[in-house]
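Nothing fancy with the numbering, it's 1 onward along the sequence.
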Amino acid sequence: MISQSCAPGRNPVRGLVRGCHRLHGVSTVVFDLYLLVSDIDAAAEVLLHRGWTYAKEKSADYHFLPRHPDFRRCRLNPPGTDDTPKPTSLLRRIDPPRSTAIVLLPASDWKLPSDKFLLSRTQGFIPSLPDSTDGLIESLLDAPGYRGLEDHLSVHLAYLYSHVPAVKERSFASELMHENRQYHHDVISGLETGTRRFLTNERQVREELRNGTRELQECSVARVPENDQFFFGYLPPALRKSN
């Protein structure tokens, strides 16, 4: 297994998780397996010869990449799968359903080159925690104008930062790519992640780091009253209780 799509806890939001969250300490429920492969067509051919069949694309928003013209994917059902709709709720199950599908994705599209698989410092084909985090940050900041994709990737990064002790440490930045370290520092400093404001700032900061026009800081946004909206806990004036 190279990559697995999981729903953190009982949350119906699902997305791509490079290196299963469960391996790195986040409670998860498995729905579909998202495998990063070097060649989608070759991987699909192997599975089709072993009795797998093409699966229907999922249209619900809580499925990862239910529609996106810029990313190739191939969805397959295991042998003997009945693809007709069932009235059961997958969110109430602890174990993966027998009809768990596999979705093949090109590794190169998700910022995890094939050579990273062999260099993994964890186990099997699961990428290391730094590689997983780097890949998610880079994919998020490169997301081509698709809010749904940004939301999914933001959620999974948020779960890593909420549940994995190593990621909560400021020193973890030293294990990330230089251009992704300010993102890490900003999350640790309390910036509200996942918002348009946050992503616009992080994309600009990353570009400046790449160009050598910015140095790393404890936080890229100064903690002054006019920047309060960047930080967790900010309440717009219209919602504040009058004294």
Side-chain ion pair, Arg181 and Glu218, N-O less than 4.0 Å
no

Correct closest heavy-atom pair for Leu176 and Pro130 would be CD2-O, 3.8 Å

Please determine whether residues Val164 and Ile188 belong to a single hydrophobic cluster, defined as Ile, Leu, Val, Met, Phe, Trp and Tyr linked transitively by side-chain heavy-atom distances below 4.5 Å.
yes

For the pair Ser174 (side chain) and Ser171 (backbone), establish whether a donor and an acceptor sit closer than 3.5 Å, ignoring hydrogens and angles.
yes

Residue pair Arg170 / Ser189, side-chain donor-acceptor N/O under 3.5 Å
yes

How long is the span from the CZ atom in Arg72 to the CG atom in Leu104, to the nearest 0.5 Å?
9.5 Å

Measure across Ala101 and Pro78 and return the closest heavy-atom pair with its distance rounded to 0.1 Å.
CA-CD, 4.4 Å

Smallest separation among heavy atoms of Leu140 and Arg203, with atom names
O-NH2, 3.0 Å

Testing the 3.5 Å rule here: is there a donor-acceptor pair between the side chains of Thr53 and Asn77?
no

Carefully, step by step, assess Glu202 and Ser220 under the rule side chain to side chain contact (heavy atoms under 4.5 Å, CB included).
CA-CA 9 Å; Glu202 295 305 315; Ser220 66; 4.1 Å; yes

Option among Leu157, Thr193, Ile137 that satisfies the side-chain contact (heavy atoms from CB on, under 4.5 Å) test with Val187:
Thr193

Identify whether the distance between the nearest side-chain nitrogen and carboxylate oxygen of Arg214 and Glu207 falls below 4.0 Å.
no

What is the minimum heavy-atom distance between Leu191 and Asn201, and which atoms define it?
CD1-ND2, 4.5 Å

Which of Phe230, Tyr183, Phe231 passes ring-ring contact (aromatic ring centres under 6.0 Å, His included) with Phe198? It is Tyr183

Rounded to the nearest 0.5 Å, what's the gap from CD on Glu175 to CG on Asn180? Could you check?
13.5 Å

Atom pair CD/CG of Glu192 and Asp186 - distance to nearest 0.5 Å:
13.5 Å

Asn211 side-chain N/O to Thr213 backbone N/O, donor-acceptor pair under 3.5 Å
no

Is the backbone N or O of Gln217 less than 3.5 Å from a side-chain atom of Gln182, with the two atoms forming a donor-acceptor pair by type?
yes

Yes or no on side chain to side chain contact (heavy atoms under 4.5 Å, CB included) for Val37 and Leu105, after CA distance, side-chain angles and deciding distance?
CA-CA 6 Å; Val37 297; Leu105 301 170; over 6 Å; no

If you compare all heavy atoms of Gln229 against all heavy atoms of Glu226, which two are closest, and at what distance to 0.1 Å?
OE1-O, 2.9 Å

Going through the checks in order, is the side chain to side chain contact (heavy atoms under 4.5 Å, CB included) test met by Leu160 and Leu136?
CA-CA 10 Å; Leu160 282 178; Leu136 285 168; 3.7 Å; yes

Less than 4.0 Å between a side-chain N and a carboxylate O, is that true for Asp131 and Lys111?
no

What are the two closest heavy atoms between Glu179 and Leu209, and how far apart are they?
O-CD1, 3.9 Å

Between His163 and Tyr159, what is the ring plane arrangement, given parallel below 30°, perpendicular above 60°, and tilted in between?
parallel

Measuring centre to centre across the rings, with the benzene-like ring taken for any Trp, is Phe172 within less than 6.0 Å of Tyr161?
no

Measuring from atom CG of Leu33 to atom CG of Leu76, what distance do you get when rounded to the nearest 0.5 angstrom?
11.5 Å

Salt bridge or not for Arg73 and Asp109, using N-O below 4.0 Å?
no

Whether the side chain of His184 engages the backbone of Glu169 through a donor-acceptor N/O pair (distance < 3.5 Å, no angle test) should be reported.
yes

In the structure I gave you, are the side-chain heavy atoms of Arg147 and Arg196 within less than 4.5 Å of one another anywhere?
yes

Indicate if Val167 and Leu216 have the same hydrophobic cluster label, given that clusters are the connected sets of ILVMFWY residues with side-chain heavy-atom separations under 4.5 angstrom.
no

Rounded to the nearest 0.5 angstrom, the OG-CG distance for Ser139 and Leu149 is 8.0 Å

State plainly whether one hydrophobic cluster holds both Met177 and Leu141, where clusters connect Ile, Leu, Val, Met, Phe, Trp and Tyr through side-chain heavy atoms under 4.5 angstrom apart.
no

